[in-house]
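Here is how names work: the chains are called A, B, and so on, in the same order as the sequence lines, proteins then strands, and each is numbered from 1. Note that the structure is predicted; figures quoted are calculated from it, not measured.
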Amino acid sequence: MPETQHEVFPKDPSKTYGLMELVKGTSPMVDKGPEDTVTSWPRLLILEGLLMLGTIVLLLVWSYLVNAPLRELANPDVTENPAKAPWYFLNLQELLLHMHPALAGVIIPTVMVILLMAVPYIDRDRRDIGIWFASKKGKTVAMWAGAYTFVLVVALVLFDEFVRVRSLVSNPWWMPGVVVPVGIILVLSVLLYLIIRRWRPNTREVLVGFFTAFVVTYIVLILFGTLFRGLGMRLIWPWNMPPGGLTF
Amino acid sequence: MNRLSALLINLRNSRVWTSIFRSGYPDNDEKRSLVMVNSLFLHLHPVKVKKNTLKATYTFGLGIIAFFLFLVLVVTGVWLMFFYVPSVERAYSDIQALETSVTFGMLMRSMHRWAAHLMVLTVFLHLCRVFFTGGYKHPREFNWVLGVVLWIVTLLLSFTGYLLPWDQLSYWAITVGTNMIGSAPFIGDMVRLLLLGAKEVGQEALIRFYTLHIAILPLVMTILISVHFWRVRKDGGLSSPEEGAAVEREG
């Protein structure tokens, strides 16, 4: 079957063209909303160009003003004190101070990555795509989940520094190393869920609460590790930080 | 002035010019489409984009900034490779020489360093942006998964580069970092040995981290970024509230 060809009529200069009549009727675009698009040239390209320019200018100025750090030659016999991982791993190193290394350095990060990857397969409602925090309720949930997590993470770090879980339960090794930290994480997660539930949220709003809790924990622990851990990884104020304590 | 514009017009109509730029200045919609489709670099973009894609408070431009930082890192990184030998005898003094006796050496090294940190930050913020706007939803599930992998590859790229200056900072940061990996149950010691090539951080670790940093991980990153961008296009561009509204209408 030959496909229907649309004939193209060239504009005839000897004729005049005008609007003759308005017809009421449906078109394929009815109920579809306006297309709401613009051509990528030039709008998108200008924005991208500006972003790139801004980034490179910021980077040039910053790199001109602040030199990349370089300490003494590596020496396996002289341990740095504090010996810290790069700043973006200091949240894991902070966890290391409070639980068994396998839990802090491998199991928790792996579980977190798997949970993150699972997000789109858990929340499959497409109605709120493209809306920041899903809804007004979602914003409230995020705010309270963030505040809840912030207070608890700070309190837990301080508690383990000044009271020490290991001084309360030290035997057997898996009590302070595994059972207590995992127990605390589970209990506080369930508690977070119970708190969020009072807003009667949908799946996405629950996830917004938990993701916010993850991000706040992630950032607060990086800040602790970067700014508040000095000699022997003891808590200190940032202004007392020994010169080798910042790992950028 | 007239002669100049005549010259420019002649130039633009010349065989050489039209052989390179096929569609002329994009001053109408047809040419605006052609200019995107005819260029290798621009064809990654769609001809038309949704308006909300351009809204600063929707994307904050984080994805494009992260990608651009990656490009800056490739350029400065290749430049640094001309002056650096990954051996425990030479690495540190090469960095010192780079800082003191190579033209723009200090600036290029600083740019590489700060761009790397900035990229780690930007990629994480991009991940948060996509989460909080629900950009991971159908049909973009797998692109979200790829994004999480890209975040991890970014961290690994930064971490492997961290050892290369071979100073106290890098030595002990990598020692602490790989000890954390070594604590994994069952496979930890094996993975640590595979990464370091020895019991301690030394020459074997340096050459392994170097190869990962300049060849393997950038290659993995490039492939994953390509797939990531490709899928953004195939999944209908960036997410938009309009999609949710369409689902609502169709019930």
Side-chain angles (χ1 to χ4, degrees), chain A residues 31 33 36-41 43-44 47-48 51-52 55-56 59-60 62-64 66-76 79-80 83-86 88-89 92-93 96 101-102 105-106 113 116-117 119-121 123-124 126-134 204 208 211 215 247-248, chain B residues 26 29 32 35-36 45-51 54 61 64-65 68-69 92 95 106-107 109-111 113-115 117 120 128 131-134 136-138 141 144-145 148 155 159 162 165-169 171-173 176-177 180-181 183-185 200 239-244 247-249:
Chain A
D31 259 3
D36 224 20
T37 57
V38 289
T39 49
S40 303
W41 178 291
R43 290 278 302 277
L44 176 65
L47 279 179
E48 287 186 356
L51 278 174
M52 289 182 178
T55 309
I56 196 80
L59 198 61
L60 266 169
W62 180 6
S63 305
Y64 178 73
V66 190
N67 284 340
L70 186 69
R71 294 188 194 163
E72 312 82 70
L73 176 65
N75 185 350
T79 314
E80 284 277 292
K84 289 187 186 176
Y88 42 84
F89 285 146
L92 299 181
Q93 204 182 343
L96 211 58
V106 181
V113 166
L116 275 179
M117 286 179 172
V119 160
Y121 304 99
D123 167 28
R124 293 183 306 186
R126 299 186 65 220
R127 278 171 302 182
D128 49 13
I129 289 185
I131 298 167
W132 274 96
F133 300 103
R204 167 140 180 234
V208 163
F211 185 79
V215 172
T247 46
F248 290 111
Chain B
D29 273 1
R32 282 186 200 112
V35 72
M36 303 304 284
H45 302 84
V47 166
K48 288 181 133 197
V49 286
K50 288 171 236 156
K51 272 189 189 155
L54 302 175
I64 200 84
I65 293 175
F68 184 59
L69 286 169
Y92 185 72
I95 302 285
M106 187 73 241
L107 183 71
R109 174 163 127 77
S110 299
M111 276 181 75
R113 184 81 165 207
W114 301 133
H117 288 334
V120 169
C128 292
F131 180 89
F132 283 122
T133 54
Y136 54 80
K137 291 173 184 235
H138 183 79
E141 301 100 322
W144 163 264
V145 174
V148 176
L155 290 174
F159 185 65
Y162 214 82
W166 203 250
D167 63 343
Q168 280 289 73
L169 182 65
Y171 186 89
W172 290 101
V176 170
M180 267 152 66
I181 298 166
S183 64
E200 304 276 311
S239 60
S240 132
E242 174 53 31
E243 286 169 55
V247 173
E248 197 106 56
R249 274 196 304 272

When you look at CZ of A/Arg71, are more than 12 heavy atoms from neighbouring residues, nucleotides or ligands closer to it than 6.0 Å?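 More than 12 heavy atoms, drawn from other residues, nucleotides or ligands, come within 6.0 Å of this atom.
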Any chance you could lay out the side-chain contact (heavy atoms from CB on, under 4.5 Å) test for B/Glu243 and A/Arg126, step after step, and finish with the verdict? CA-CA 8 Å; B/Glu243 286 169 55; A/Arg126 299 186 65 220; 3.6 Å; yes
Under 4.5 Å from any heavy atom of chain B - which part of A/Leu116: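 The answer is both parts of A/Leu116.
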Could you tell me which portion of A/Arg127 (side chain, backbone, both or neither) has an atom closer than 4.5 angstrom to a non-hydrogen atom of chain B?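 Contact with chain B: backbone and side chain both.
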Please classify the contact between [X] and chain A as side chain, backbone, both or neither, with a heavy-atom cut-off of under 4.5 Å.
X        : result
B/Ile181 : backbone
B/Tyr162 : side chain
B/Met106 : side chain
B/Val35  : side chain
B/Trp114 : both
B/Ile64  : side chain

For each of [options], tally heavy-atom pairs with chain B at distances under 4.5 Å, and name the one with the top tally.
options                                : value
A/Val119, A/Leu70, A/Val113            : A/Leu70
A/Gly105, A/Pro120, A/Ala102, A/Pro101 : A/Pro120
A/Leu73, A/Thr39, A/Leu47, A/Val106    : A/Leu73
A/Phe248, A/Tyr64, A/Phe89             : A/Phe248
A/Glu72, A/Gln93, A/Arg124             : A/Glu72
A/Leu51, A/Asp123, A/Ile56, A/Leu60    : A/Asp123

Report the relative orientation of the aromatic rings in A/Trp132 and B/Phe132; use parallel for angles under 30°, tilted for 30 to 60°, perpendicular for over 60°.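 Rings of A/Trp132 and B/Phe132: parallel, under 30°.
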Ionic contact status for A/Arg204 with A/Asp128, cut-off 4.0 Å: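 Yes, A/Asp128 and A/Arg204 are salt-bridged.
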Nearest atoms (heavy-atom pairs only) where A/Ala85 meets A/Thr247: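 Looking at all heavy atoms of both residues, the closest pair is O-OG1, 2.9 Å.
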Begin from the C-alpha positions of B/Val176 and A/Lys84 and carry the test side-chain contact (heavy atoms from CB on, under 4.5 Å) through to its verdict. CA-CA 7 Å; B/Val176 170; A/Lys84 289 187 186 176; over 6 Å; no
Using the salt bridge (Lys or Arg N to Asp or Glu O under 4.0 Å) rule, take B/Lys51 and B/Glu242 through it: C-alpha gap first, then chi angles, then the decisive distance, then the call. CA-CA 11 Å; B/Lys51 272 189 189 155; B/Glu242 174 53 31; over 6 Å; no
Determine whether A/Tyr121 and B/Val145 satisfy the following criterion, side-chain contact (heavy atoms from CB on, under 4.5 Å), listing intermediate values before the conclusion. CA-CA 10 Å; A/Tyr121 304 99; B/Val145 174; 4.0 Å; yes
